[in-house]
Amino acid sequence: MAAVTPTSPKSPKQDRSRATRQRLLEAAVACLAEHGWAGSTVSVVAERAGVSRGAAQHHFPTREDLFTGAVEYVAEERSAALRALPVQDRAAVLAALVDLYTGPLFRAALQLWVAASNEEQLRPRVTELEARVGRETHRIAVGLLGADENRPGVRETVQGLLDMARGLGLANVLTDDAARRHRVVTQWAGLLDDVLG
């Protein structure tokens, strides 16, 4: 009879590897948001994360791997934040959805979109990722808003809301647009109540 050795769900080495990967992703997001695509290299990210360039390339063999991984991480964080929202009125949900597009996570994603528009090797990865993120965000928004997409116009209204939120995020990139954004969100909350019932 063979001896049974207890197995740990995670070894210390796996924990360190996960922690290193997490630091790299967070550093990549911060670098993209602060320095844009041109100023965000693997070396800069590795230094910010406190790891060697070799360790960074062990986890992410190419620059594209690192930054698409970072935006995927951002998308997962945004989705988790949305799913964690308590049930509340539509105005609060709408404000939370818009807030997703006004912070450093959106700014980092935006930098990657701009880079993907000019770099052929990056474009398909970012396009596929953004399509997946868009579907997930739409699905979560429908649930949070209590929207019945079987009713005519509801699907388009929710999509219009998300497109508007993205536009408000773009308007906020260069200047603080909070006052105007608040007025727009208040107006949209009323429109949503009319359309969604």
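Quick note: numbers below take in every heavy atom, side chains included, and nothing from hydrogens, waters or symmetry partners.
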One should read off an interatomic distance between T157 OG1 and W188 CH2, to the nearest 0.5 angstrom, of 6.5 Å

One should read off an interatomic distance between R123 CZ and E120 CD, to the nearest 0.5 angstrom, of 4.0 Å

Q) Can V173 be reached from L100 by stepping across I, L, V, M, F, W or Y side chains whose heavy atoms are under 4.5 Å apart? A) yes

Q) Take atom CD in E47; do more than 12 heavy atoms of anything else shown fall under 6.0 Å from it? A) no

The reported gap from CG in N118 to CH2 in W37 (rounded to nearest 0.5 angstrom) is 11.0 Å

Side chain to side chain, T68 and E72, heavy atoms closer than 4.5 Å:
no

query = Would L94 and L170 show up in the same hydrophobic cluster when neighbours are defined by side-chain heavy atoms closer than 4.5 Å?
reply = yes

- Query: With side chains defined as the heavy atoms from C-beta onward, is the minimum distance between R48 and C31 less than 4.5 Å?
  - Reply: yes

Rounded to the nearest 0.5 Å, the CZ atom of R125 sits from the OG1 atom of T62 at a distance of 5.0 Å

Heavy atoms of L122 and A116 approach each other most closely as CD2-N, 3.9 Å

Check: Is the shortest distance from a Lys or Arg side-chain nitrogen in E128 or R132 to a carboxylate oxygen in the other one below 4.0 Å?
Finding: yes

Paired with Y101, the side chain to side chain contact (heavy atoms under 4.5 Å, CB included) test is passed by just one of R181, R107, R166, M164, namely R166

Neighbour count above 12 (heavy atom, 6.0 Å) for Q187 CD:
no

Exercise for the section: Return yes if some donor-acceptor pair links the side-chain N/O of D177 with the main-chain N/O of R180 below 3.5 Å, else return no. Expected result: no

Does any part of the side chain of H59, heavy atoms only, come nearer than 4.5 Å to the side chain of S17, both counted from C-beta? yes

Donor-acceptor pair, side chain of R155 and main chain of E149, under 3.5 angstrom = no

Nearest heavy-atom approach of R90 to L145 is NE-O, 2.9 Å

I want to check something: taking the side chain as every heavy atom from C-beta on, are T102 and D99 in contact at a cut-off of under 4.5 Å? yes

Is the shortest side-chain heavy-atom distance between D15 and R18 below 4.5 Å? yes

**Asked** Is there a donor-acceptor pair under 3.5 Å between the side chain of R23 and the backbone N or O of A49?
**Response** yes

Open item on the list: Just so I know, are the side chains of F67 and V126 near enough to count as touching, which here means a heavy-atom distance under 4.5 Å?
Closed with: no

*Do L112 and V44 sit in the same hydrophobic cluster, where Ile, Leu, Val, Met, Phe, Trp and Tyr count as joined when their side-chain heavy atoms come under 4.5 Å apart?*
no

Keeping R151 on the side-chain end and V195 on the backbone end, is there a donor-acceptor pair under 3.5 Å? yes

Do L174 and V114 belong to the same hydrophobic cluster, where Ile, Leu, Val, Met, Phe, Trp and Tyr are linked whenever their side-chain heavy atoms lie under 4.5 Å apart, directly or via other members? no

Shortest non-hydrogen pair, A147 vs V154, comes out as CB-CG1, 3.7 Å

Salt bridge check: are R139 and E136 linked by an N-O gap of less than 4.0 Å?
yes

Closest non-hydrogen contact found for V42 with A56 is CG1-CB, 3.9 Å

Tightest non-hydrogen contact, residues V158 and A141, listed as CG1-CB, 4.1 Å

Taken to the nearest 0.5 Å, the spacing of T41 OG1 from H35 NE2 works out to 9.5 Å

Rounded to the nearest 0.5 angstrom, the CG-CG distance for D89 and L192 is 11.5 Å

Point to revise | Side-chain donor/acceptor of T137 to backbone N/O of G134, under 3.5 Å | key: no

